[in-house]
*Asks:* 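One structure follows; several queries about it will come next.
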Amino acid sequence: MNLSRASKILPALLLSVLLLTTACTPAEPGRFDQVQQESTQQKRGQAVVETATQGGEFNQFFPTAGDGYQRVFTQEKKGFAEAKLKKDGKDLAMLAVFDTSSTPETAANYSNSTAKIAGYPAREIGNTQTAILVNNRYQVKVLSRDPSFTPSDRADWIEKFNLDGLATLK
């Protein structure tokens, strides 16, 4: 009888010891844990400065929808706001406003610009982006998402922003 009782207790005891030892063993760090720790502790290269304009303040300056176009806001965070421009269910472009106070080098890119849109310094960025700098601080950018959306379309949509209103933003 002792043997049968021991044969019931021994497996339960071994299972308990196994569970206890595996549950108390510290987990090995994953392959991304070190990078995550370094990036969260990093002070340089932060995304935005404290004085950056809240993204929600930019929304009022975006062009309104109409003539078959839809404007769908997709992202809003401190220093940045973005909206998709759609027509007939197709993404044509991205519209964005960015506060360059966080990255002064972005504003510096306009210092030698001879091109202008609506009186503001403009530049083409690659083959798909057109941007201007308003009040030496706010970059207004239109990015083509469809090949049919041309550089002249991008310039037209930049002019549809309330640029004078954006220029008065502090």
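Being a predicted model, the structure only gives us computed values, none of them experimental.
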*Asks:* With distance as the sole criterion, is a donor-acceptor pair present between the side chains of Thr64 and Tyr69 under 3.5 Å?
*Replies:*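 No.
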*Asks:* Got a sec, which residues hit salt bridge (charged side-chain N to carboxylate O under 4.0 Å, His left out) with Lys160, two or more places apart in sequence or on another chain?
*Replies:*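 None.
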*Asks:* Which residues pass the ring-ring contact (aromatic ring centres under 6.0 Å, His included) test with Phe62, not counting sequence neighbours?
*Replies:*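 If we apply the ring-ring contact (aromatic ring centres under 6.0 Å, His included) test to Phe62, skipping adjacent residues, the hits are Phe73, Phe161.
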*Asks:* Okay, side chain of Lys84, backbone of Gln70: is any donor-acceptor separation there less than 3.5 Å?
*Replies:*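 A pair under 3.5 Å: no.
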*Asks:* Partners of Asn162 by side-chain hydrogen bond (donor to acceptor under 3.5 Å, both in side chains), sequence neighbours excluded?
*Replies:*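 With neighbours one apart ignored, the set is empty.
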*Asks:* Can you see which heavy atom on Phe149 is nearest to which on Ala93, and at what distance?
*Replies:*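 The answer is CE2-CB, 3.6 Å.
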*Asks:* Can you tell me how far the OG1 atom of Thr100 sits from the OH atom of Tyr138, to the nearest 0.5 Å?
*Replies:*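 The distance works out to 8.5 Å.
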*Asks:* Only counting residues at least two apart or in another chain, list the ones meeting side-chain hydrogen bond (donor to acceptor under 3.5 Å, both in side chains) with Thr74.
*Replies:*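 For Thr74 the side-chain hydrogen bond (donor to acceptor under 3.5 Å, both in side chains) partners, ignoring immediate neighbours, are Glu82.
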*Asks:* According to side-chain hydrogen bond (donor to acceptor under 3.5 Å, both in side chains), who are the partners of Thr168, at least two apart in sequence or on a separate chain?
*Replies:*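 For Thr168, no residue satisfies side-chain hydrogen bond (donor to acceptor under 3.5 Å, both in side chains) once neighbours in sequence are set aside.
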*Asks:* If you link I, L, V, M, F, W and Y whenever their side-chain heavy atoms are under 4.5 Å apart, who else ends up in the same group as Met94?
*Replies:*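 Result for Met94 is Leu143.
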*Asks:* Residues in side chain to side chain contact (heavy atoms under 4.5 Å, CB included) with Gln60, at least two apart?
*Replies:*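 Applying side chain to side chain contact (heavy atoms under 4.5 Å, CB included) to Gln60 gives none.
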*Asks:* Is there a donor-acceptor pair closer than 3.5 Å between any side-chain N or O of Arg71 and the backbone N or O of Pro63?
*Replies:*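 Here the side-chain-to-backbone pair exists.
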*Asks:* If I compare all heavy atoms of Asn135 with all of Ala167, which pair ends up nearest, and what's the gap?
*Replies:*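 So the minimum-distance heavy-atom pair works out to ND2-O, 3.0 Å.
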*Asks:* Starting at CD of Glu50, measure out to OG of Ser101 and round the result to the nearest 0.5 Å.
*Replies:*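 Glu50 CD to Ser101 OG: 11.0 Å, rounded to 0.5 Å.
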*Asks:* Is it true that a side-chain atom of Asp156 and a backbone atom of Asp153 form a donor plus acceptor pair closer than 3.5 Å?
*Replies:*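 Between the backbone of Asp153 and the side chain of Asp156 there is no qualifying donor-acceptor contact (under 3.5 Å).
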*Asks:* Atom CZ of Phe98 and atom OG1 of Thr53: how far apart are they, to the nearest 0.5 Å?
*Replies:*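 Those atoms lie 11.0 Å apart.
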*Asks:* Output every pair passing salt bridge (charged side-chain N to carboxylate O under 4.0 Å, His left out) with a member in residues 93-102, not counting sequence neighbours, ordered by first then second residue.
*Replies:*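 The answer is Asp99-Arg137.
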*Asks:* I'd like to know if the side chain of Ser144 and the backbone of Pro147 have a donor-acceptor N/O pair within less than 3.5 Å.
*Replies:*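 No, because the side chain of Ser144 does not come within donor-acceptor range (under 3.5 Å) of the backbone of Pro147.
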*Asks:* Regarding Asp91 and Arg145, does a basic nitrogen lie under 4.0 Å from an acidic carboxylate oxygen?
*Replies:*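 So Asp91 does not pair with Arg145 through a salt bridge.
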*Asks:* With sequence neighbours excluded, tell me which residues meet side-chain hydrogen bond (donor to acceptor under 3.5 Å, both in side chains) with Thr106.
*Replies:*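 Applying side-chain hydrogen bond (donor to acceptor under 3.5 Å, both in side chains) to Thr106 gives Thr103.
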*Asks:* For residues Asn59 and Ala81, report the shortest heavy-atom separation together with the two atoms involved.
*Replies:*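 Shortest heavy-atom contact: OD1-CB, 3.7 Å.
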*Asks:* How many angstroms lie between CD in Glu57 and CG in Leu169, if you round to the nearest 0.5 Å?
*Replies:*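 So the gap between those two atoms works out to 5.5 Å.
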*Asks:* For Lys90, which residues count as a salt bridge (charged side-chain N to carboxylate O under 4.0 Å, His left out) partner, sequence neighbours excluded?
*Replies:*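 Expected list: Asp146.
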*Asks:* Name the atoms and distances for all side-chain donor-acceptor pairs under 3.5 Å in residues 117-134, with sequence neighbours left out.
*Replies:*
| unit_1 | atom_1 | unit_2 | atom_2 | d |
| --- | --- | --- | --- | --- |
| Tyr120 | OH | Asp164 | OD1 | 3.4 |
| Glu124 | OE1 | Thr130 | OG1 | 3.0 |
| Glu124 | OE1 | Arg154 | NH2 | 2.8 |
| Glu124 | OE2 | Thr130 | OG1 | 3.0 |
| Gln129 | OE1 | Lys141 | NZ | 3.1 |
| Thr130 | OG1 | Arg154 | NE | 2.7 |
| Thr130 | OG1 | Arg154 | NH2 | 3.4 |

*Asks:* Which residue pairs pass the salt bridge (charged side-chain N to carboxylate O under 4.0 Å, His left out) test with at least one member in residues 105-114, sequence neighbours excluded?
*Replies:*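 Applying salt bridge (charged side-chain N to carboxylate O under 4.0 Å, His left out) to every pair that reaches into residues 105-114, excluding sequence neighbours, yields nothing.
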*Asks:* Could you tell me which non-hydrogen atom of Ser102 sits nearest to which non-hydrogen atom of Ala52, and how far apart they are?
*Replies:*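 Distance-wise, the nearest heavy atoms are OG-CB, 4.1 Å.
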*Asks:* Is it the case that one hydrophobic cluster holds both Val97 and Phe80, taking links as side-chain heavy atoms less than 4.5 Å apart, direct or via other members?
*Replies:*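 No, Val97 and Phe80 fall in different hydrophobic clusters.
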*Asks:* Could you report the tightest heavy-atom contact between Gly79 and Phe58, atom names first, then the distance?
*Replies:*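 That closest heavy-atom pairing would be C-CE1, 3.7 Å.
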